[in-house]
Amino acid sequence: MEIHSRAIWSLHRGFLNQKPLEVAVVGVGGTGSELVSNLIHLHLGLVTLGYGGLHVVAFDPDSVAHANVVRQRYVSADIGRNKAEVLIG
């Protein structure tokens, strides 16, 4: 079996530099809270490699409810607080 690999996308030279990349996440429920958690790892990796990391802004008008604690990136102490503020703050 032969495996061929080719780049699907590429970044232009200079895209990654000392300036943080701006990322906006709209909705930090199930998928959004997982995305923000993974962006933390990406940020740390970029900083470790000498780049500017990420500047993440999250938007979500919802507050954390009991049902969110089991299936999203929240804990009981977060109940009643704004989801975006909990994850970003």
Side-chain angles (χ1 to χ4, degrees):
M1 172 189 280
E2 242 182 276
I3 298 175
H4 296 281
S5 174
R6 64 184 171 119
I8 296 173
W9 56 270
S10 63
L11 299 175
H12 63 82
R13 188 175 299 281
F15 183 77
L16 293 176
N17 54 42
Q18 297 301 315
K19 183 179 176 188
L21 297 174
E22 304 280 333
V23 178
V25 180
V26 179
V28 288
T31 302
S33 64
E34 290 294 327
L35 175 62
V36 170
S37 294
N38 288 315
L39 287 173
I40 294 168
H41 298 291
L42 178 57
H43 169 77
L44 294 173
L46 288 170
V47 170
T48 299
L49 293 172
Y51 298 110
L54 302 175
H55 177 255
V56 179
V57 178
F59 302 93
D60 196 319
D62 291 339
S63 296
V64 178
H66 290 278
N68 303 135
V69 173
V70 176
R71 55 190 177 81
Q72 296 175 7
R73 292 288 182 161
Y74 303 103
V75 296
S76 296
D78 299 330
I79 293 173
R81 296 181 57 206
N82 176 270
K83 288 181 176 183
E85 289 177 5
V86 169
L87 288 180
I88 299 297

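Positions are given from 1 along the sequence.
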- Message: For I88 and V28: C-alpha separation, side-chain torsions, deciding distance, then whether side chain to side chain contact (heavy atoms under 4.5 Å, CB included) applies.
- Response: CA-CA 10 Å; I88 299 297; V28 288; over 6 Å; no
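- When atom types are taken as modelled, the side chain of N17 and the backbone of G52 share no donor-acceptor pair closer than 3.5 angstrom.
- The structure places CG of D62 at 8.0 Å from CG of N68, a figure rounded to the nearest 0.5 Å.
- Heavy-atom minimum distance, L54 versus L39: CD1-O, 3.5 Å.
- Considering CG of L87 and CD of Q72, their distance stands at 9.0 Å, rounded to 0.5 Å.
- In terms of hydrophobic clustering, with Ile, Leu, Val, Met, Phe, Trp and Tyr side chains grouped at heavy-atom distances under 4.5 Å, L42 and Y51 are assigned to a common cluster.
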- Please walk me through it: do L21 and F15 pass side chain to side chain contact (heavy atoms under 4.5 Å, CB included)? CA-CA 9 Å; L21 297 174; F15 183 77; 3.8 Å; yes
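- Grouping the Ile, Leu, Val, Met, Phe, Trp and Tyr side chains by contacts below 4.5 angstrom, directly or via other members, places I79 apart from V70.
- Side-chain contact between H43 and V56 is absent, with no heavy-atom pair separated by less than 4.5 Å.
- Here the closest non-hydrogen pair linking A84 and A58 is CB-O, 3.6 Å.
- Side chain of N38 to main chain of L35: no donor-acceptor pair is present (N/O by atom type, distance under 3.5 Å, no hydrogens or angles).
- Side-chain heavy atoms closer than 4.5 Å link hydrophobic residues (I, L, V, M, F, W, Y) into clusters, and following such links, even through other members, never connects V47 to L49.
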